[in-house]
Amino acid sequence: MDCETLAAKASVSPYDLLFQAFLLIPVSHYFLAVFFLFLIFLYNFLEIHFLHDLFTLFRGDPVTLTYNSCSQLYQSVVSKCKVLHGRYLVTPWLSSPHLLTAFLSIFEKAPSVTYRRQIFRALDGGTIALDWLTCSDVVEGTSRMIDCSCSATIKGDKTPILIVIPGLTSDSASAYVRHLAFTVARQGWKVVVSNHRGLGGVSLTSDCCYNAGWTEDTRKIIDHIHCEYPEAPLFAVGTSIGANILVKYLGEEGTNTPVVGAAAICSPWDLLICDRFINRNPVQKLYSRVLTVGLQGYAQLHHSILSRLLDWEGITKSNSVRDFDNHATRVLGKFETVDTYYRRSSSTNYVEKVSVPLLCVSALDDPVCTSEAIPWDECRLNENIILATTPHGGHLAYYEGIAASSLWWVRAVDEFFGVLRSSPYIQRRQKMQGSSLPGPLESSIDQGPYVNVTEDGMVAAVGNEPRDPVQEDMPNEHMVQSKKDDDTNQEKGTSVGLTDKPYPEKHLMQQPDQNVKDLIAPVQRRVDQLSRRSRQSIWLMAYIAIITTWPFVGSVLLSVLKRRFKSFVPASLLRK
C-alpha cells in the first residue's frame, strides 16, 4: 500500500503542485506584490533618490567646484561664497530630476512680479521686448510694495543692472525667471529680461527669428543698456539655451564686452551631444516631444510670417526638436545640415575665450542638458570660469525646502554677484577693462539672426536690407521704439514705460568724423600689438620652416653641388 501511494505521488507534476500552492495565496497579496514591483520600476524609471537622501539624513550633496588652480577669481570671490561651498538638499517630495523639472514647468510656483516694458527695435526691423524690474516694482505678497530708494533713470546712475537671457520658448513670465528677478531686484539691483524675438507677447516684425547660436540680439541689447547707463556695472545670466547664447557671446567679445560678471545656468554646452542624448531613451524622447510642442506653438503664433518662409507641413509633423530644427531653424539659417547648425552654435567652442568672471552651474542628472556635454577641461583651463556641479537638480529646477519656495541656483548666483561686485578683484578688472574697452562697434556678423556657414568657414548674413552707413555709426538708443504719447516724445525717442526723459541730442547728432576717430583708435592699438607679436614670431616661423623642409632642400642642394663641382671633388667622396 505504501508503495502504491509513493508511485501516485511521483506521477503528479511538480508544476501542478506549485500551481495549487499559488491558488492558496490570497488575491490581495498578488495586488500588493504587483503594486510593490510597480513602485520599484517607477523609482528607477523616474530616478528618484529619496532613499539616498534618507540614508544621508537629509544632509544634501556637496557642490563640486571645478576651476583653475591659479584662479584669482576663486581666491578673491568664490572662496567667500558660502552657498557654493555648502550643500544642496532637494525638496524631499521632489527627489527626482523629472519631478523637479515637471514641477517647475507645470505648477510654476514663483513670486509675483510686475515688469515695466521697453520695446527695442533692431536695425533689421525686429522687435525685442525688454522687461524691467527694480526694487520699487517688487511686490511682496499681493499688495504691499517693498520700500526701496531706487535711483532715477539718469546717465550717472550707478545701480548695478542684471540682464537675463531666458531659455528656449521661455520669457519673463517663466517661473525661474521670476524667481531670479525677484531675488536680485530685492537687493536693490535693476533687472532687465531680454525676451527672444517673437516671445513675451511681441509679434515678429521681420523675417528673422532667434536660435541657439544667435548672439547679435544679445550684443545689441547689452550695448544699448551700456549706452543708457554708462556708469552702471552690467551683469548677465543665461539659462538653458540662453546660457549657451551668453557663453558664446562672451567668447566672441573677449575683453570688449561691458559685462563685468556673468552666470550660465544649465547650459547645453554642446548641442550635438545633447541632441544625441535627448533621443536616446523613452524618457528623454518625452522631453524632446514636449519641447517640440512648445516650438510648434511658437511657430503657430507667427504663422503669417513663418508659413511663407518654411515648409509648414514639415513643422506641424515634427516629432522631435531635431525634426523642427531640420524644417525650420536650419532652413531659416541657411545651414547645410542640422548637425552643422548644432556644431556652429555650441558654446563649448568659445569657453576658452571668455574673459569675464563666469559662474557655470549644472546638475549631473539634468534630463535635458546632459552632463556628457560639460567641457570640464576647458573650464578648468580658463582662469575666469568657475564650474559648480551638483549630483541633483534637474533642469533649472533646484527647488529646496519643504514648501519648494526657492531655487538653490538663484541663491548661489545672487551671492556670487554680491561678493563679486564688492571685491577688489572686480574693481581691478573694471579699470583694466575700461582702459581697453573700445566704443560700441558693429558686429562682424551682419544684422540677421541667422547666418550661412560656407564650406570655407566664412559666415555670411542672410536676408538683410541694405543699411545706411551713417546710421550704423549711431548708438542703439535711437532704435528704441517710443511710446507715442505726443509728437515731441516721438521725435526724441522716449523709452516705453521707463521715463519721459528723452535721449540726449548729442547721441543723436554725432559727427561722422568723431565716430571714425573713436573707431580707429582702439583698432590701431590692436594692430600695433599684433605687429609687435608678429615680429617676435617671424624668427620662430623661419626656424620651423628650415627644420621641416631641410630633408628635401638638403638632398636637392647636395645633388646640385655634386654636378657643379664634380671635377674638383674625388669620386670616392661623391659616392658617399
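Note that the structure is predicted; figures quoted are calculated from it, not measured. In what follows, every heavy atom counts, from backbone to side chain, and hydrogens, waters and symmetry copies are set aside.
- By the 4.5 Å heavy-atom criterion applied to side chains, Ile315 and Leu310 are counted as neighbours.
- A heavy-atom distance below 4.5 Å is not found between the side chains of Thr127 and Phe120.
- Using a 4.5 Å heavy-atom threshold, the side chains of Ile161 and Ile225 count as touching.
- Between the side chains of His327 and Asp311, no donor N or O sits under 3.5 Å from an acceptor N or O.
- A 4.5 Å side-chain heavy-atom check between Val77 and Pro357 finds every atom pair outside the cut-off.
- Across Leu396 and Trp409, no two heavy atoms sit closer than the pair O-NE1, 3.1 Å.
- One N or O on the side chain of Ser71 and one on the backbone of Tyr74 form a donor-acceptor pair closer than 3.5 Å.
- Side chains of Gln296 and Ser318: no donor on one and acceptor on the other come within 3.5 Å.
- Each of Asp171, Asp131, Asp137 was scored for a salt bridge (charged side-chain N to carboxylate O under 4.0 Å, His left out) with Arg117, with one residue passing: Asp131.
- Not one N or O on the side chain of Ser170 forms a donor-acceptor pair closer than 3.5 Å with the backbone of Pro166.
- Between the Ser355 side chain and the Lys353 main chain, a donor and an acceptor come within less than 3.5 Å of each other.
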Quiz prompt | Criterion side chain to side chain donor-acceptor pair (under 3.5 Å) on Tyr342 and Thr337, from CA distance to verdict | solution = CA-CA 9 Å; Tyr342 289 154; Thr337 64; over 6 Å; no

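- Here Arg276 pairs with Asp339 in a salt bridge; the nearest charged N to carboxylate O distance falls below 4.0 Å.
- Ring-plane geometry between His303 and Trp312 is classed as perpendicular, the angle between the planes exceeding 60 degrees on a 0 to 90 degree scale with a lower cut at 30.
- Arg186 is not listed as a side-chain neighbour of Cys135, based on a closest heavy-atom distance of 4.5 Å or more.
- In this structure, Asn244 contributes its side chain and Ser345 its backbone to a donor-acceptor pair below 3.5 Å.
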Quiz item: How far apart are the C-alpha atoms of Thr348 and Ser346, what are their side-chain angles, what is the distance that settles it, and do they pass the side chain to side chain donor-acceptor pair (under 3.5 Å) test?
Solution: CA-CA 6 Å; Thr348 187; Ser346 296; over 6 Å; no

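- For Tyr30, the OH atom sits in a packed shell: over 12 heavy atoms of surrounding residues, nucleotides or ligands are nearer than 6.0 Å.
- Interatomic distance, NE2 of His392 versus OH of Tyr88, reported as 9.0 Å (0.5 Å rounding).
- Looking only at atom types and distance, the side chain of Thr390 has a donor-acceptor partner in the side chain of Tyr398 under 3.5 Å away.
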Self-check item: Full working for side chain to side chain donor-acceptor pair (under 3.5 Å) between Tyr287 and His395
Solution: CA-CA 11 Å; Tyr287 282 98; His395 186 64; over 6 Å; no

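- In this structure the side chain of Val356 never reaches within 4.5 angstrom of the side chain of Asn384, judged on heavy atoms.
- Atom CD of Glu352 is surrounded by 12 or fewer heavy atoms from other residues, nucleotides or ligands within 6.0 Å.
- To the nearest 0.5 Å, the span separating CG on Leu133 from CZ on Arg178 amounts to 11.5 Å.
- Here the side chain of Thr159 pairs no donor or acceptor atom with the backbone of Trp189 at under 3.5 angstrom.
- In summary, Glu415 and Arg411 do not engage in a salt bridge, as defined by a charged side-chain N under 4.0 Å from a carboxylate O.
- Inter-residue side-chain proximity for Phe235 and Ile163 is flagged as unmet; no heavy-atom pair is nearer than 4.5 Å.
- Between the side chain of His179 and the backbone N or O of Lys109, at least one donor-acceptor pair lies under 3.5 Å.
- Going from atom CD1 of Ile241 over to atom CG of Leu271 covers 5.5 Å, rounded to the nearest 0.5 Å.
- Remark: side-chain polar atoms of Ser206 are not paired, donor with acceptor, to backbone N or O of Gly125 under 3.5 angstrom.
- No hydrogens or angles considered: a donor-acceptor pair under 3.5 Å links the side chains of Tyr249 and Thr257.
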Practice problem: Tell me, with the steps shown, if Asp325 and Arg330 meet salt bridge (Lys or Arg N to Asp or Glu O under 4.0 Å). | Solution: CA-CA 6 Å; Asp325 288 336; Arg330 180 191 66 82; over 6 Å; no

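- Using bins of under 30°, 30° to 60° and over 60° for the plane-to-plane angle, the ring pair Trp93/Phe103 lands in the perpendicular bin.
- Remark: Glu252 engages Arg219 in a salt bridge, criterion side-chain N to carboxylate O under 4.0 Å.
- Atom SG of Cys209 and atom CG of Leu306 lie 4.5 Å apart (nearest 0.5 Å).
- Between the side chain of Ser405 and the backbone N or O of Gly401, no donor-acceptor pair lies under 3.5 Å.
- Between Val83 and Trp408 the shortest side-chain heavy-atom distance falls below 4.5 Å.
- For the pair Ser267 (side chain) and Ala264 (backbone), a donor-acceptor distance under 3.5 Å is absent.
- His302 and Ser203 form no side-chain donor-acceptor contact under 3.5 Å, judged by distance and modelled atom types alone.
- Between Asp217 and Arg197, at least one side-chain N (NZ, or NE/NH1/NH2) sits under 4.0 Å from a carboxylate O, which counts as a salt bridge.
- Remark: side-chain polar atoms of Ser320 are paired, donor with acceptor, to backbone N or O of Asp323 under 3.5 angstrom.
- Between Glu400 and Arg87 there is no salt bridge, since no side-chain nitrogen of the basic residue lies less than 4.0 Å from a carboxylate oxygen of the acidic one.
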